[in-house]
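Read through the structure below, which is laid out as structure tokens, and then see the notes.
Index from 1, following the sequence. For ligands, and for the atoms within them, numbers begin at 1 and follow the listed sequence.
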Amino acid sequence: MIARQPYPETPDQADDSRYLASTHEVFNQPPALEDYNLFEQDTALREAADREGAGAAAPELSRFGALAGAAETIDLGFRANANKPVFNTHDRFGHRIDEVDFHPAYHDLMRIALENGLHSSPWTNPGQGAHVARAAKYYMHSQVEAAHCCPITMTFAAIPSIRNQPELARDWEQRILANSYDSRNLPDSQKSSVTIGMAMTEKQGGSDVRANSTKAYAVGAEGPGQAYELVGHKWFVSAPMCDAFLVLAQTASGLSCFLMPRWRPDGTKNPWQVQRLKNKMGNVANASSEAELRGALAWMVGEEGRGVPTIIEMVAMTRFDCMIGSSAGMRQAVAQATHHCRHRSAFGNRLIEQPLMQNVLADLALESEAALAYTMRIARALDNQDQEHERLLARLATPVGKYWICKRTPNHAYEAMECIGGSGVMEDCIMPRLFRESPVNAIWEGSGNVQCLDTLRALQKEPSTLDAFFQEAAQAKGADTRFDQFLLKLQNDFTNVSDFQYQARNLVDRMALALQGSLLLRHSDKAVADAFCASRLESNGGINYGNLPTGTDAAAIIKRATPVVG
Ligand SMILES: Cc1cc2nc3c(=O)[nH]c(=O)nc-3n(C[C@H](O)[C@H](O)[C@H](O)COP(=O)(O)OP(=O)(O)OC[C@H]3O[C@@H](n4cnc5c(N)ncnc54)[C@H](O)[C@@H]3O)c2cc1C
């Protein structure tokens, strides 16, 4: 018989293990997925960065990958999300301050992103591989924490729009592109680095910004570069602590674009008042707000009445970042799911070796790699906008990719969560955060239907975009008969466009699949390309993940996607 200690009688005894019964040993649990290199442990990412022109950046990407995978960095993501930003209208003396109070972890994440040029590098060092290398970094950083990437993206994306007004660009660009972070709530004139947001959406219309009712009144002379006062409201303004915003407002000539700082040049607060913060289901670490403009001073950017074409240059870049962000969400979900199943056993075998789980994991990995391949190819197109083919490809493939990749993410996140089982639902696992974040990219920056309509608009305005798209996809012709047949049918379906708008989702879905298939056939592992053709091009893959046909080399696909930690 085992002798047992008596029950503890004093606090000291309660902490003494001799008085405690040993209940169980913890085993069959994976080690935490941390202290790993997000670049080195991601074969598809390393290959894509190299292939699309950022081979020379590999050492820098590896350095950043180690930083992104460090336990301390991962912890910042958890803490930034566990502590929602708090909005203060006034200080304790009653002065209006419009200040959002973020957890220090949010500021640390912002600092890492800005110091590493996630908002600036393709503009400060353009050329071969610049967008590709930046996309690779963003892809890694967004896996750690996606919400704070919103102001990073907007700051990055504002540059092409602001350059429409050279004197404003001269004043702001250097500070926008500075690789440092200054979170102080001070006039921008006192800062050497600033961040930029955007304010388009109003209550009565988000997709249809022509419905904007905010009015711009000229202070003196009218026209591009001139000062105006804005009166109206904005229903969604993310990252309201940005130093300035690109805003749409109506003049007598129609909707125009303005740059509106949070402070006036004389150091007083610009009358732009945040009403409250949105209570969001995802994207929690980032604040999004509702605001009123009560005569806020702003300067016109670009031609009067041409606000949409001016701000669309920013929106095109934010849409590209949505593709990176959703691809990143899928990659992190695959990393978590494969890592867990590699370490977890059930019914006598490791999950990663069990055929049914292999089918699910390999299917998730395919989706993730296809999203990455597509995104990185568009990054290369952005690096080569002086080449006509690349310009046309980026124009058409951006709305197609934004629609498809973002829309594929929520169900992907849910399936990866289920691979982890009950612990995947718990808030100390990253999966709930990935899941709640997953619909956001699909909805903002132009929701799914709007992307499909934009695809059609591009086709109608510049039919050569479709030629460029098919020319790009056709580069894999002859590599696989399933791909050839899929592409031929898609091309044929474009000959009858009478029902275009009604059928747009079906066409855009298949465009995305054709380009993904082409890229995987040309560049990826044979097992990945073969499974993609079998499950996405030959058949429609079934409704749920885990529908890869017999004969797929699931083990090879999973091995390629699994980070080896522990
Ligand atoms: C977390 C978050 C942060 C945001 N931050 C910002 C921000 O910082 N700045 C900003 O300006 N906005 C921001 N937005 C707003 C966002 O861009 C809009 O919500 C989005 O553009 C959709 O507009 P809406 O909400 O008015 O929906 P609506 O325009 O009413 O659209 C509703 C639905 O109808 C569909 N639809 C619209 N037109 C058509 C059509 N012709 N045919 C078929 N379907 C159609 C849309 O695709 C959508 O599914 C944010 C949104 C979210 C969720």
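- Each of His119, His103, His141 was checked for a ring-ring contact (aromatic ring centres under 6.0 Å, His included) with His148, and the lone residue meeting it is His141.
- At a cut-off of 3.5 Å, with distance as the only test, no side-chain donor of Ser192 or Asp182 sits close to an acceptor on the other residue.
- With Gln332 contributing its side chain and Glu145 its backbone, the two residues share no donor-acceptor pair below 3.5 Å.
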Only distances under 3.5 Å count here; give the side-chain donor-acceptor pairs of residues 306-314 to other protein atoms, sequence neighbours excluded, each with its distance to 0.1 Å.
unit_1 : atom_1 : unit_2 : atom_2 : d
Thr310 : OG1    : Arg306 : O      : 2.8
Glu313 : OE2    : Asn164 : ND2    : 3.3

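- Remark: Arg134 qualifies as a cation-pi partner of Phe156 under the 6.0 Å distance and 45° angle criteria applied to the six-membered ring.
- Pocket lining of ligand 1, defined as residues with a non-hydrogen atom under 4.0 Å away: Met198, Ala199, Met200, Thr201, Gly205, Gly206, Ser207, Phe236, Val237, Ser238, Lys280, Ser288, Ile443, Trp444, Glu445, Ser447, Asn449, Val450, Leu453.
- Annotation: cation-pi geometry satisfied between Arg433 and Phe78 (NZ/CZ under 6.0 angstrom from ring centroid, within 45° of ring axis).
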